[in-house]
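Since we're looking at a predicted model, the values are computed, not measured.
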Amino acid sequence: RSEEEDEEVARFYALLSKFAQDWAEEHQNEDEKMDEAQMAAQIRFQKDTIAGLEEQVRDLEEERNELREAIGNIKQQAEATRAGTSSKEKQLKTLNTKLATSQARVVELEAAVKIQEDLVIKH
C-alpha cells in the first residue's frame, strides 16, 4: 500500500475510534440520567408512602382519642347507674380492646414511617 492509503486507513480508524468513544459516552450519560430519574422516582414514592403512613397515624390517633372519650363516658355512666352494669362493662372491655389494637397499630405505623424516613435520608 502507498503512504496515502495508510494515512487514509489511519484517519478512518481514528474517526471510527472517536465515533465509538462518543457513542459510549453518550450512552453512559443516558444511563446515568436514567439512574438519577429512577432514584428520584423512588424517593418520591417513599415520600408519598411516608405521607400516607403519617396520615394513617393521624387517623388512628384521632380514633384513639375518640375511643378514650367513649371509655370515659362509659365509665361515668357505669358509676352513675348500677343497672345494666354488666352490659356497660362488656362495652368497656370491647372499647379497651379496640384502644389497645389502635395503639399497637399506631406504634407499627410510626415504625414504618421511621423506616421510610431512614430510606429517604439514605438517598
Side-chain angles (χ1 to χ4, degrees):
R1 289 188 292 196
S2 71
E3 244 180 76
E4 279 182 21
E5 288 175 331
D6 288 345
E7 286 175 13
E8 193 173 317
V9 167
R11 279 194 306 269
F12 172 76
Y13 279 112
L15 282 173
L16 184 60
S17 174
K18 175 73 173 128
F19 171 78
Q21 183 179 358
D22 290 348
W23 185 88
E25 286 175 6
E26 182 179 321
H27 281 67
Q28 181 178 359
N29 289 339
E30 288 174 3
D31 290 346
E32 288 171 0
K33 287 178 185 174
M34 188 179 301
D35 289 345
E36 289 172 10
Q38 287 174 339
M39 176 115 19
Q42 184 177 9
I43 289 171
R44 280 192 306 275
F45 174 76
Q46 289 171 338
K47 285 182 178 180
D48 290 346
T49 300
I50 288 170
L53 291 171
E54 287 173 339
E55 184 177 340
Q56 288 180 33
V57 167
R58 284 189 299 275
D59 291 346
L60 285 169
E61 286 173 342
E62 184 178 321
E63 180 182 336
R64 178 178 60 187
N65 291 335
E66 291 170 0
L67 289 169
R68 283 182 175 157
E69 186 178 329
I71 288 169
N73 291 339
I74 290 172
K75 283 181 179 179
Q76 287 176 354
Q77 290 172 8
E79 290 169 7
T81 15
R82 291 294 171 203
T85 300
S86 76
S87 167
K88 297 292 182 192
E89 287 175 351
K90 286 179 185 176
Q91 287 180 342
L92 183 59
K93 285 180 184 178
T94 300
L95 288 172
N96 277 327
T97 301
K98 286 183 179 180
L99 176 60
T101 302
S102 176
Q103 288 175 324
R105 184 69 179 134
V106 166
V107 170
E108 289 173 6
L109 288 171
E110 287 172 343
V113 166
K114 177 72 174 126
I115 290 168
Q116 290 297 321
E117 287 172 342
D118 289 347
L119 287 173
V120 168
I121 289 169
K122 286 182 184 178
H123 296 303

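The CG atom of Leu119 sits 4.5 Å away from the CD atom of Gln46 when rounded to the nearest 0.5 Å. Atom CD of Glu36 and atom CE of Met39 lie 8.5 Å apart (nearest 0.5 Å). Glu26 contributes atom CD, which lies 8.5 Å from atom CZ of Phe19 (distance to the nearest 0.5 angstrom). We find the CZ-CG distance between Arg68 and Asn65 to be 6.0 Å, quoted to the nearest 0.5 Å. Rounded to the nearest 0.5 angstrom, Lys47 NZ and Glu54 CD are separated by 12.0 Å. One finds the NE2 atom of His27 at 12.0 Å from the CG atom of Asp22 (value rounded to the nearest 0.5 Å).
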request  = Please lay out, stage by stage, how Thr94 and Gln91 fare under the test side chain to side chain contact (heavy atoms under 4.5 Å, CB included).
outcome  = CA-CA 5 Å; Thr94 300; Gln91 287 180 342; 5.6 Å; no
request  = Show your working on salt bridge (charged side-chain N to carboxylate O under 4.0 Å, His left out) between Asp48 and Arg44 and close with a plain yes or no.
outcome  = CA-CA 6 Å; Asp48 290 346; Arg44 280 192 306 275; over 6 Å; no
task = List the steps, then state whether side chain to side chain contact (heavy atoms under 4.5 Å, CB included) holds for Asp59 with Glu63.
result = CA-CA 6 Å; Asp59 291 346; Glu63 180 182 336; over 6 Å; no
Worked check of side chain to side chain contact (heavy atoms under 4.5 Å, CB included) between Lys114 and Asp118 = CA-CA 6 Å; Lys114 177 72 174 126; Asp118 289 347; 2.9 Å; yes
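Screening Glu5, Glu4, Arg11 for a side chain to side chain contact (heavy atoms under 4.5 Å, CB included) with Glu8, the sole residue that qualifies is Arg11. When Glu108, Glu110, Arg105 are each tested for a side chain to side chain contact (heavy atoms under 4.5 Å, CB included) with Leu60, only one passes: Arg105. Each of Val106, Val107, Leu99 was checked for a side chain to side chain contact (heavy atoms under 4.5 Å, CB included) with Gln103, and the lone residue meeting it is Leu99.
Grouping the Ile, Leu, Val, Met, Phe, Trp and Tyr side chains by contacts below 4.5 angstrom, directly or via other members, places Leu16 with Val9.
Among all heavy-atom pairs drawn from Ile50 and Glu117, the shortest one is CD1-N, 3.4 Å. Residue Leu67 comes nearest to Ser102 through the heavy atom pair CD1-CB, 4.5 Å, listed as atom of the first residue, atom of the second, then distance.
Between the side chain of Thr97 and the main chain of Lys93, a donor-acceptor pair closer than 3.5 Å is present.
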